Each structure stands twice: as structure tokens, then as C-alpha cells.
Amino acid sequence: MSAYKSELLDVLASRGFIHQVSEPEALDALARSSKITAYIGFDCTAPSLHIGNLMVIMLLYWLQQTGHRPIALMGGGTTRVGDPSGKDETRRILTDQIINENLRGIRAVFAKFLKFGEGPGDAVMANNADWLNSLNYIDFLRDVGRHFSINRMLSFDSVKTRLDREQELSFLEFNYMILQAYDFVELNKRYGCVLQMGASDQWGNIVSGIDLGRRMGTPQLYALTCPLLTTSSGAKMGKTAAGAVWLNADMVSPYDYWQYLRNTDDADVVRLLKLLTVMPLDEIGRLAALKGQDINEAKKILATEATAMIHGRAAADAAAETARRTFEEGALAQTLPTIEIARTELDPGLSVLAAFVKAGLVTSNGDARRQIKGGGIRVNDVAVTDEKMALTQSQLTPEGVIKLSLGRKRHVLLKPV
RNA sequence: GGGGGAGUGUCCCGAGUGGCAAAGGGGGCGGACUGUAAAUCCGCUGGCUUACGCCUUCGUAGGUUCGAGUCCUACCUCCCCCA
């Protein structure tokens, strides 16, 4: 299939993970003859990683599966600076407290994909705050800064696009690249790390690290990037009305996560199966042969397998079953997202508007009114036409709940307690 | 230090130079059609309100005016030219 001889690069290439590789032949040979150590950095800009980060986590997963050692590097230090890559505007400067909270939220997800420990193939969790926070400015400039050419740095996309668009790039951010380059060298010293991976927008930063390594006397370092996770129409994946598709269960429930993937475009299903699940390629090949409405089978498998990766098999199966009952049987699945209200709220009658706001299906009463006008709001599967309608005990189904729906797909159960 | 330009609906881009809840896109949400798809078509896309209407919104703070996104002053931020 692929031209690579090492299992690592062969797997990555055949599943569609490779966008660019530096010196592919040399890296291929190295990965074939030895266990290599590779890292990916994750900045702590949010309390959870999102589905767009999932692909690079899978890079670490396959690295470990093919016998090598992954390092998940938390950007406790670099987040204090802020990566300008791919950003139009300066990032808000985060407080150390927020960074630390974010770090805690992000760190947990890796245990689901990697085996950490002290053994030779076990994954390592590192934090660049450990070496960046204590740097001495003048020493750093003399030891590291002298190897960087401003002329060259200005030519990198992350810098150039800002300058071209006449958007400001602060000196703080300008230094991000240098710190990331330094991380690579530091990880080489500490762990013998020779490969840095990341999404394609990280190429410039990674290559800077390789250059720095050469000047500071590390062994040859390598870069490997994967494409950004996009839909076939080119849009970045992971944005919905409700916000990003986070990986932490308390921010996006397993059911919603399942639903997100279930609604994948036809054109993306096979690609996402390769990228976001660990299903063998020949099985994916069978699913790829499905046509027309049968593609829905592949989408369900994609949703379940990918959900199982991060939320566990049981949660994935439960989400699949909830969806099956709701969409295929039209039945009321008790496992739909549920919000509880005080039973007494129903006695005087709870306005539909308030109920939908409470359920989080709409953002305001006005929003609810508009949706009612557009025919998008249903109670117990009956379209609501009167915005003054009140919900009372008489609307309770035999199961003791009231089903609120926005559109065909989004349902919430209102449960009096 | 001097001169010139810019900041618009908190998702984004962008028209608007005295009557504006503010054109037009994109995105998003809803409806129709389908397969919980895509494409297409239609509607919606500041808050409160049954409604008349009220409130908040065009970098920030003042001012002129019956009325300010629009004019004036100061300030903030960014860009360009000169020193």
C-alpha cells in the first residue's frame, strides 16, 4: 500500500495521517531499526481538548501501538505565551490559575488512549512549564536566541499572515516559535525524543525545532504533520451551534458526541473511520463499499467506535441504543438527555418558552418564539403553534416525563421530581 | 515627535456620512425534500413583551442636535508615511 517500510509510517500513511514528513526515508529507516520517542505538544487554552485535537492524539496512539514511545507534552509554559499559528488575532492572555485548571482538564483524556508508566514503551506525560518557567532571559538569549534569524522567522506563515493582514503580532507571541523549538531540543536531551508530530499548521514551529537542534548539537530530529481535521467541504470540524465538540464528557455528553459523528457527511465517513477509530483497514474497506442510504450503517459504526474510544464501550453502546429507539422506532428513550424540574413548577403551568430555555434547546424566550413560528418546536412529538402554551402534569407521558424537541434531531426530557 | 487611515450587530466578513435594530454575504438554527447525508428551495439569526411598545447595540468617554453608526472634542488600540 504505502512505500514505507516501518510499521509506524506504513500505518500512519495508509490511514491518512500524513501531511508532511521531513526526511521520510531516514525517519522510516530509524523507525524500522529502533524504538523512537516522539512528542506532541498541547497548549492549555481550554478546559478540554476538542474533536479537532483528536487526530493528533491518534498519532500518539498509533506510535505506541507500533512499538514506540509517545510523550504527551502539556504546554503549561507555552500557553502563558500563546501560539500565533493559525490565529487572526492575539490570544487573550490567560492567567496561571486558568492555565492550571485547563491543564488538569486536558491531561485526563490521554489515559484513554495511551498506557503511561515507567516501562520502555510506556508513554510519558511532560509539562514544558518545568523548564520554561525557570529560564533566565539573558542566558536564554545567548544560548538559544542567537540561533534564530529574524529574517527567517518573518518568512514563516504564522508570522507572515499576521503581517500581511496588518494584524498585530506582539513580541510575546513572536517568541512562541522559539520556545516550541526549545522544547523539542529539551525533550531530546531529557528523553531522547527525535520526532515531533502535530497538525499541519505546526510545521513551521516543528521545523524551527529541528534547525535549533542541529545548531545545538542534538542528533538529527524529524517532523511529521497530519492534515487538519476538516469536512470534505473544507470547513474545520468541531463547531456546532452549541460550541466546540469537546472531548470531556462533562462538556459534551457521550450521546451528543455520538450524534455529532452520526451526522457526518457521506463524503467524510471513510476518512473519519480511518482517522478516528482503530478499526482494521479491511473492515473499513467493506464499509466503504456501501452506497446510498446504506452509508448510514457506516455512520453508526463510526459514531459508536469513535465514542467508545473516548467515553468507553458502555457509553457508546448506550448512545447508539438511545439513538436507535428515538430515530428508528420513534419511541421515547428514557436515556435521552434529561433535565429535572420541581414537580410544583407544573402546577401553575410552566410556559413552553421557559421550558425550552431551561432545557438549553433555545437561548432565550425570543429564540423560542421564533422557533415556534418556524415550526421547529414540539412537545411530546406534537408541533407547538401557541407560544402561550403551558406545560402541566397532564402532559406527562406514561413514563412520567415531557419530551421537548427542537427540530428533528435534538430532544430533551423534562422530568419532574 | 509630525502627517494620513482604520476600529460596525460579542461567530466572521462587510455596506452604511443626520431619521438605523442598521444593507449584503458567509456561518449557524429551523422548515420542505431525503437517508438523522449532500445539493436545492423557503424562513429566522440583540433582549423583554400576546401586542402597541420599551430597552440595549456601531472602539471608550463626553458634546452638538428634536434626533448621532453618521458631525465635534478627548482618549484607547491597530496600520501606513515622514523624522
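Computed from a prediction, not measured in an experiment: that's the story for all the values here. Residue numbering restarts at 1 for every chain, and letters A, B, ... go by the order of the sequence lines.
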Heavy-atom pair with the smallest gap, counting every atom of Leu221(A) and Gly209(A): CD1-O, 3.8 Å

Nearest-angstrom distance, P atom, C75(B) to G67(B): 26 Å

Nucleotide nearest Lys299(A) when distance is taken to its side chain, options U36(B), G31(B), A37(B): A37(B)

Atom pair distance, as rounded to whole Å: CZ in Phe356(A) and C1' in C29(B): 14 Å

Under 3.5 Å on both distances, the Watson-Crick or G-U partner of U56(B): none

G27(B) to G2(B) separation - P atoms, rounded to the nearest Å: 47 Å

Distance in angstrom units between Lys300(A) NZ and G35(B) P, rounded: 13 Å

Asp265(A) CG - U36(B) P separation (whole Å): 15 Å

hbond_proxy Glu328(A) side chain to U36(B) base (donor-acceptor, 3.5 Å cutoff): no

Integer angstrom distance from the C1' of G53(B) to that of G43(B): 25 Å

Rounded distance in Å between the C1' positions of U64(B) and C72(B): 7 Å

Ring pair (Phe, Tyr, Trp, His ring centres under 6.0 Å): pairs with one or both residues in residues 289-316 of chain A, sequence neighbours excluded: Tyr257(A)-His311(A)

Asp367(A) CG to C11(B) P, straight-line distance once rounded to whole Å: 13 Å

Residue matched to C29(B) through Watson-Crick or wobble contacts both under 3.5 angstrom: G43(B)

Heavy-atom check, side chain of Met74(A) versus side chain of Ile106(A), under 4.5 Å: yes

Rounded interatomic separation in angstrom, taking CD1 from Ile295(A) and P from G35(B): 13 Å

Glu25(A)/Lys5(A) salt bridge by N-O under 4.0 Å criterion: no

Candidates G35(B), U36(B), G30(B) - which lies nearest the side chain of Arg410(A): G30(B)

Rounded C1' spacing from U60(B) to G14(B) in Å: 23 Å

Pairing partner of G7(B) (Watson-Crick or G-U wobble, both distances under 3.5 Å): C76(B)

Option among Asp28(A), Val21(A), Leu27(A) that satisfies the side chain to side chain contact (heavy atoms under 4.5 Å, CB included) test with Pro24(A): Val21(A)

Asn365(A) (side chain) and G47(B) (base): donor-acceptor pair under 3.5 Å: no

Gln97(A), CD atom: more than 12 neighbouring heavy atoms under 6.0 Å: no

Spacing between Leu361(A) atom CG and G28(B) atom P, to the nearest angstrom: 19 Å

Write out a two-atom table: protein N or O, nucleotide N or O from nucleotides 50-55 of chain B, distance below 3.5 Å.
| from | atom 1 | to | atom 2 | distance (Å) |
| --- | --- | --- | --- | --- |
| U50(B) | OP2 | Arg369(A) | NH2 | 3.3 |

U56(B) versus A22(B) - spacing of their C1' atoms, nearest Å: 14 Å

Side chain to side chain donor-acceptor pair (under 3.5 Å) partners for Glu297(A), two or more places apart: Lys300(A)

C12(B) and G7(B), which share atom name C1', separated by this distance in whole Å: 15 Å

Given RNA chain B, 5'-ward residue of the pair Phe327(A) and Gly366(A), judged by closest heavy atom: Phe327(A)

Whole-Å gap separating C1' (G31(B)) and NZ (Lys409(A)): 13 Å

Nucleotide of G47(B), U36(B), A37(B) approaching Ser364(A) most closely (side-chain heavy atoms): G47(B)

Closest contact, heavy atoms only, Val384(A) versus Asp386(A): CG1-O, 3.5 Å

Candidates G30(B), G35(B), U45(B) - which lies nearest the side chain of Arg370(A): U45(B)

Euclidean distance, atom CD of residue Glu329(A) to atom P of U36(B) [Å, nearest integer]: 14 Å

Under 3.5 Å on both distances, the Watson-Crick or G-U partner of G18(B): none

Under 3.5 Å side-chain donor-acceptor pair for Arg107(A) and Asn127(A): no

Closest listed nucleotide, where the reference is the side chain of Gln371(A) and the choices are C48(B), G30(B), U36(B): G30(B)

Counter-base of C71(B), judged by Watson-Crick or G-U geometry with both distances under 3.5 Å: G63(B)

Integer angstrom distance from the C1' of G69(B) to that of A15(B): 12 Å

